[in-house]
Each structure stands twice: as C-alpha cells, then as structure tokens.
Amino acid sequence: TTTFDGALVMQGDDRFRLRTWKLNQTIFDLTVTPEGTYVIAADEMKEESPDSEAELAELANNLSAMLRGADFAKARFSRTKPTLVEAAVRFDAPFFIWATWPDDSLIVAIDRRTLSPMNWWVRGDQMNPGIQIQSEYSDYEGVRWYRYVIVSGEFGRLQMTFRDVELNGELNPRAFKPSRRAVRIDAAKVESSETMSP
C-alpha cells in the first residue's frame, strides 16, 4: 500500500488537474485541458513502469468522467437488482434504485433517500476487465460531494479520500496551466518528445 497527499481541481467538463506528492516530492501531476493532456511523472515511477505516462493519462480521463457522473438521462431505472451484478453483492433492495444503460456497459446503485450514486459497476471485456466503484458522501455547506471514492479492479485498489473540500469557489487562473516540465501526451500513444515551451 502506498499513500500520497494530493490536490484536485475541476472546472466544467473539460478542465481537470490532479497533483500528488510524498515528502514534498511530486509523484505525478496530471493536467487535462481542451488543448490536451499533460503529465509529469517521477523518474522512479517511469523506471518501475515504462508506460506510466500513458496509464496516467488514461486515469485522468476516466477519473474526470467518473467524478462528474454518468448521463442518467440515457439510463433505465428499476427497483430490481440487475442479474449482471454479482450475487455476492448484497444491498437492501427497498433502499436502492438501479440504473442501467442500453448497452449494459454501466450499472449504478442509487440511494433512494438521497439520490446519490453509491456503487458503480463498469462492465469490461477480454482486453479491459471491469471495475467497481464505491463512494460515500459528505455535506459541504449544503452541497453533497464525495467523502471518499474506492476504485477496484484487476489493477488493485485505489482509494481517494477528500479533505478541505471547496465547491463552487473561485479558482486561480493558473490552476490549469501545465508546468513547463510537463509532457503533452495522448492516452493511446506517449509523445515523449513533445514538451511544453517556457
């Protein structure tokens, strides 16, 4: 188990930044803007995993979409647990509404009392095994936001615990300006030769 401190900022549907560090050393810094995805990864991280930059870009895209939530306008709703959800997963049926999508790519258990999506199952395939997402919420000055998010899959378990949450506040204009050391990369192909100009 490895624990990092971090900071996360989001704005609209197309701006996202996640920076993590340990003992004042940056482990990785991800910035997603309409212009592209930029990353800084610690040398140790790249030595352990040569594909870490591409994997971080994929994480940024998926995490950004997950935290913003699914398009529930396209979902079907039911009080009956879908058969695709493992039998071992137990929920007290009266307290949950189930949302499914036409292609069965996503299943969400929604708390009926708060209408908060509590558990997500993202269906995978032979190339990309599925993942499960669990979440809990807190009230931040009248707005519900995550207290923690746990993502589980073949890769292991990733938990994000949120502290010092500020919602709908003013952001520093430089919040989404990538560092000069950042490398612009594509999730499918790492372009290590393209860097930000000073």
Side-chain angles (χ1 to χ4, degrees), residues 1-20 30-32 56-125 128-171 175-176 187:
T1 301
T2 304
T3 303
F4 301 128
D5 292 314
L8 168 70
V9 288
M10 298 170 61
Q11 186 176 56
D13 292 332
D14 55 6
R15 296 184 188 276
F16 173 91
R17 188 167 189 180
L18 174 62
R19 184 175 179 219
T20 68
L30 286 167
T31 307
V32 178
L56 286 171
E58 189 68 28
L59 168 67
N61 292 331
N62 291 334
L63 195 57
S64 174
M66 185 205 78
L67 292 174
R68 287 183 173 88
D71 182 358
F72 285 96
K74 298 178 180 179
R76 299 183 305 254
F77 298 93
S78 169
R79 294 186 181 185
T80 307
K81 184 171 72 173
T83 55
L84 290 171
V85 176
E86 296 177 14
V89 178
R90 292 186 177 88
F91 288 98
D92 197 347
F95 295 106
F96 285 90
I97 300 170
W98 295 88
T100 57
W101 277 254
D103 60 358
D104 290 324
S105 61
L106 179 65
I107 300 171
V108 181
I110 302 170
D111 186 323
R112 291 180 62 189
R113 295 161 296 183
T114 63
L115 298 182
S116 301
M118 305 299 293
N119 288 264
W120 307 63
W121 288 266
V122 182
R123 191 175 184 185
D125 53 36
N128 299 291
I131 62 173
Q132 180 180 352
I133 302 163
Q134 299 169 275
S135 54
E136 284 289 343
Y137 298 80
S138 288
D139 186 282
Y140 300 96
E141 298 183 2
V143 180
R144 287 179 65 78
W145 177 255
Y146 300 102
R147 184 163 60 89
Y148 69 77
V149 175
I150 300 172
V151 184
S152 305
E154 190 177 63
F155 52 83
R157 186 171 183 261
L158 169 68
Q159 177 168 338
M160 296 181 66
T161 302
F162 294 89
R163 296 193 268 301
D164 302 322
V165 173
E166 184 178 323
L167 300 172
N168 302 321
E170 292 292 324
L171 288 175
F176 302 101

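Positions are given from 1 along the sequence.
- Heavy-atom minimum distance, G153 versus I131: CA-CG2, 4.3 Å.
- For the pair R76 and P102, the tightest heavy-atom approach, listed with the atom from each and the gap, is NH1-CA, 3.2 Å.
- The two residues V108 and P117 come nearest to each other via the heavy atoms CG1-CB, 3.6 Å.
- The one candidate from W98, F77, F96 that meets the side-chain contact (heavy atoms from CB on, under 4.5 Å) condition with I110 is F77.
- One N or O on the side chain of S135 and one on the backbone of M118 form a donor-acceptor pair closer than 3.5 Å.
- Between the side chains of T31 and R17, at least one donor N or O sits under 3.5 Å from an acceptor N or O.
- Taking CG of D14 as the reference point, atom CZ of R68 lies at 7.5 Å (rounded to 0.5 Å).
- Note on ring orientation: taking the six-membered ring where Trp is involved, the planes of F72 and W101 are tilted (angle from 30° to 60°).
- Of the inter-residue distances, the one linking N119 atom CG with Q134 atom CD reads 5.0 Å to the nearest 0.5 angstrom.
- The closest side-chain heavy-atom distance from V149 to F162 is below 4.5 Å.
- Contact annotation: the side chain of F16 approaches that of M10 to within less than 4.5 Å [non-hydrogen atoms, C-beta and beyond].
- Screening V122, T100, I133 for a side-chain contact (heavy atoms from CB on, under 4.5 Å) involving L106 leaves a single residue, V122.
- Taking a 6.0 Å sphere around CZ of R163, one finds it holds 12 or fewer heavy atoms contributed by other residues, nucleotides or ligands.
- At a threshold of 4.5 Å between non-hydrogen side-chain atoms, the residues V32 and F176 do not count as touching.
- Expressed to the nearest 0.5 Å, how far NZ of K74 lies from CG of D103 amounts to 10.0 Å.
- Counting heavy atoms from C-beta on, the side chains of Y137 and R147 never come closer than 4.5 Å.
- Atoms OH and CG, on Y140 and N168 in that order, are 13.5 Å from each other to the nearest 0.5 Å.
- Under the 4.5 Å side-chain criterion, counting only non-hydrogen atoms from C-beta, M160 is not in contact with Y146.
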